[in-house]
Each structure stands twice: as structure tokens, then as C-alpha cells.
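Just so it is clear, the values below take in all heavy atoms, side chains as well, and ignore hydrogens, waters and symmetry mates.
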Amino acid sequence: MIRARYRHVRWTSTPNVTAHAPPTLHLFRCTTKDVSGNPCGAESGESEEFDTAQVWKFRHLRDHQGHTEYEQVVRRAWHLVPEDSR
């Protein structure tokens, strides 16, 4: 027979900012709808630099007048850390 002892552990969820964590990536997507109700769907492409992704919105607006609705998509690494159990 195997015996085991278990204990309750509280966990905290935090962004992973360690040196080995993947970079945070930013993307903007045009959600402006056409006359049929379909979203444009054009995307900036993922970038580690927020400003690079954001500038894309203004270029897209320049090339597609009236496209003023966007969503931001952020890809960020997270990890769970056990709280100190004293």
C-alpha cells in the first residue's frame, strides 16, 4: 500500500516576465463591417513593439477610408506561482 500526504496550495497567476519567457506580441485587426455586415478582418501582423502594430491602424485607415473599428490582440506568457505556505 502506498501512502501519500497532500496539502492545499494557493496559486497566483502572473505575467511571465522571466528572461526565458516568450515576448509579448501585439496585433491589431480591423473589425469595420461592410454593407453586408462582414468584418474587414485585415491584420497588422504580430509585433513585439506596440507602436509598430498601432501605426498599422493609421496606414490601414489611410488606404481604406471609413475603417475606424479595430480590436487589439495581445499574446502574453503567464505562469502560476505557488504562494508561500507558512
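Cluster membership for Leu25 and Phe28, using ILVMFWY side-chain heavy atoms within less than 4.5 angstrom, is not shared.
Sorted by first then second residue, the salt bridge (charged side-chain N to carboxylate O under 4.0 Å, His left out) pairs that include residues 9-26, not counting sequence neighbours, number zero. Within the structure, every pair that satisfies the salt bridge (charged side-chain N to carboxylate O under 4.0 Å, His left out) test and touches residues 44-67, not counting sequence neighbours, is listed here: Glu46-Arg75.
The hydrophobic cluster analysis finds Val17 isolated: no Ile, Leu, Val, Met, Phe, Trp or Tyr side chain comes under 4.5 Å of it, directly or through other members.
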For residues 34-42, which side-chain donor-acceptor pairs fall under 3.5 Å, sequence neighbours excluded?
{"unit_1": "Asp34", "atom_1": "OD1", "unit_2": "Ser36", "atom_2": "N", "d": "2.9"}
{"unit_1": "Asp34", "atom_1": "OD1", "unit_2": "Gly37", "atom_2": "N", "d": "3.0"}
{"unit_1": "Asp34", "atom_1": "OD1", "unit_2": "Asn38", "atom_2": "N", "d": "2.9"}

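The backbone N or O of His26 lies less than 3.5 Å from no partner atom in the side chain of Ser47, so there is not a single donor-acceptor pair. Proximity of a side-chain donor or acceptor of Thr12 to a complementary backbone N or O of Glu83 within less than 3.5 Å is not detected. In terms of modelled atom types and a separation under 3.5 Å, the side chain of Thr24 and the main chain of Arg76 share no donor-acceptor contact.
When all heavy atoms are compared, the tightest approach of Thr31 to Tyr70 is OG1-N, 3.5 Å.
The distance from the OG1 atom of Thr32 to the NE2 atom of His64 is 10.5 Å, given to the nearest 0.5 Å.
For His67, the side chain to side chain donor-acceptor pair (under 3.5 Å) criterion is met by His60, not counting sequence neighbours. Residues satisfying the side chain to side chain donor-acceptor pair (under 3.5 Å) criterion with Glu43, sequence neighbours excluded, are Arg29.
Gln72 is not listed as a side-chain neighbour of Leu27, based on a closest heavy-atom distance of 4.5 Å or more.
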